[in-house]
Structures are given as structure tokens and as C-alpha cells.
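What follows is a set of notes on a single structure, which appears directly below.
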2 protein chains.
Amino acid sequence: MSARHRKMTHEDCPVREVLSRVGDKWSVHIVAVLREGSMRFSDLRRSIDGISQRMLTRTLRGLERDGLVTRTVTPTTPPRVDYALTPLGRTLLEPIMALAEWAETNRPAIHTARRRYNDAT
Amino acid sequence: MSARHRKMTHEDCPVREVLSRVGDKWSVHIVAVLREGSMRFSDLRRSIDGISQRMLTRTLRGLERDGLVTRTVTPTTPPRVDYALTPLGRTLLEPIMALAEWAETNRPAIHTARRRYNDAT
DNA sequence: CCGTATCCTACTGGATACTG
DNA sequence: CAGTATCCAGTAGGATACGG
């Protein structure tokens, strides 16, 4: 507890560390889609509207690297690669969903504030 | 509930909308510091290690714009400007803290996974 | 003290084309 | 099918200097 009241630095801040992990453009989408279960690369690509092949690969690599998803290769022809959430990846869903809840609840308030601010300038 | 099972698009995703809001480099720091109460610009600057004057101003503007912080000018000489969380801003603290909790709990696991991945390549 | 203006760098992410 | 390689545009953010 008291450890969190040290001087606020940018590095070594756990919140920022998660946000760097999940704050990019596609990570949460991928995690959200994989929530339903394992999925192969091409299906993942189709499920996530607008993602490029490059970014799908890159984001999956990052998530794999951090132990949030697994990558399973089946060396058939053509090859088949399946991705799934690890247990760790699944635990991430809870705080993500809390944030989602907050977002949906307060989206109108934010939009109103934003409009008011813009009108006042 | 079922509304969240529409096709997953990138725009109109509430989670991404919050992450765009707090996923930048400094927003969470500012919100975290303002948690303790109102603070003036220069003190805020000193409290947040490494932030530039430019980014502090910009981030505060963004938070103000979205109704998360208030900006109170006292026209003395020299001028004094105080920032504080709005009620809306304070409600954001809860999901943020949930994320922080997750981060602290699972940081070791992520670091281990990251090291293993790097060693394996 | 509290900003704004300018300039500059680095990184993110898209488009496209090419391999096993 | 599942990538990798290249190139390129947009933007976030730092440094610095100046103004009210």
C-alpha cells in the first residue's frame, strides 16, 4: 500500500505498463475476440474489421511474447495456426471489462462535456 | 448484453474509446496525482517526474475537455491555476485501480514470459 | 506563473508486394 | 494460409524560446 505513495515516476509505473501493453490500437480487440475460444489466423483477420495482416501478426506476437496468448502451429499444407488466450490472458479480461463498463456508462457524459467545451471555444 | 456481440469494429468500441482517452503517456499519472485533491499547475508539474510543460498543458486540456478535470483560474499576479478531478473523473479511478491491481499482480508473470520468449529467439 | 508557438525526432500503423 | 519485407504518412511527444 504505502509503496504506491513513492514519488510518481513514469517508468516503473504498473498502470502505464499495462496501458502500454493494451493501449495500442488492436490488442483489446484481439483479446476480446479470443475470449470466445481458440481461433486461427485468417478467421481472426476476418473477425476484426479493418486490421491489416501486418498489424494482426505484430500484435499477436506481442501478446504471445507477454504470455497472454498461445500460438499453435499445425504443419499441414496449407499451414494452420491457432491462437488462444492463456490463463493469464483470461484474467486480463476482468479489468478490461470493468473499463468497458465504465466506458459505456459514461460515454454520453464525455460526449456532452466535449461538445460543451468545443462550443465554448 | 447481446449488443456487445455485434461484429467487432474498431470505431464505436467503448473500450478503445477509453483507452484512447487514458492510454496516452500522461493522463493516468495526472488523474492519479489529482486523486489526493486539487493542485496547481506548477505543483502538478513537479509531482509528475519527467513531464514537459507542453505535455502537461495538453493533457490537462484534454481531460478538461472530456469533463474529467476542472480548471480554476485565480487572476492574481502571478496568476494561479488549480486543477481538480470532477465527479466523473473520480469514478474513472475505480476501473483504473482495477487495472493497476492486475498489473501489480501479474507483472512478474509477464516479465518471465517476456524473458522466456526472448531467450527462445 | 501559466501558458503558446515552433521545430524536430521517433514511433505507430497502413498499403503493397513477395515467400514457404 | 500465414507470414515477412519495404516503404510511407500521420502523429505523439520532447526541447526550446517567447508572451501575458
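Fair warning: this is a prediction, and the values are worked out from it, not measured in the lab. Sequence lines set the chain letters: A, B, ... in the order given, protein chains first and strands last, and positions in each chain run from 1. Because only heavy atoms are used, hydrogens play no part in the values below, and waters and symmetry mates are left out as well, while side chains stay in.
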At what distance, to the nearest 0.5 angstrom, does CZ of Arg35(B) lie from CG of Leu93(B)? 6.5 Å
Value for CG (Leu60(A)) from CD1 (Ile30(A)), rounded to nearest 0.5 Å, stands at 4.5 Å
Quick check against the 3.5 Å criterion: does Arg45(A) have a side-chain atom that pairs as donor or acceptor with the backbone of Leu56(A)? no
Apply side-chain contact (heavy atoms from CB on, under 4.5 Å) to Thr57(B) and Arg61(B), showing your working. CA-CA 6 Å; Thr57(B) 308; Arg61(B) 286 286 176 283; 4.2 Å; yes
Which nucleotide wins on minimum distance to the side chain of [X], given the candidates [options]?
X	options	answer
Arg54(B)	dA15(D), dG13(C), dC2(C)	dA15(D)
Thr57(B)	dG14(C), dG3(D), dG3(C)	dG3(C)
Gln53(B)	dT4(C), dG14(D), dG3(D)	dT4(C)
Asp24(A)	dC1(D), dG14(D), dG13(C)	dG13(C)
Arg40(A)	dC1(D), dC1(C), dG3(D)	dC1(D)
Lys25(B)	dG13(D), dG14(C), dG3(C)	dG13(D)

[X] side-chain N/O to [N] phosphate OP1/OP2 under 4.0 Å:
X	N	value
Ser42(B)	dC2(C)	yes
Tyr83(B)	dC2(C)	no
Arg58(B)	dG14(D)	no

In whole angstrom, give the distance that lies between atom [atom1] of [X] and atom [atom2] of [N].
X	N	atom1	atom2	result
Met55(A)	dT16(C)	CE	P	17 Å
Leu60(A)	dG13(C)	CG	P	14 Å
Ile51(A)	dG13(C)	CD1	P	10 Å
Glu64(B)	dC2(C)	CD	P	15 Å
Leu56(B)	dT16(D)	CG	P	18 Å
Arg45(A)	dG3(D)	CZ	P	12 Å
Ile48(B)	dG13(D)	CD1	C1'	15 Å
Arg61(A)	dT12(C)	CZ	P	17 Å

Can you establish whether the number of heavy atoms outside Arg116(B) located under 6.0 Å from its atom CZ is more than 12? no
Closer to the 5' end of DNA chain C via nearest nucleotide, is it Val73(B) or Gly23(A)? Val73(B)
With a 4.0 Å cut-off on heavy atoms, is Arg71(B) in touch with a base, just the backbone sugar-phosphate, or nothing at all? sugar-phosphate
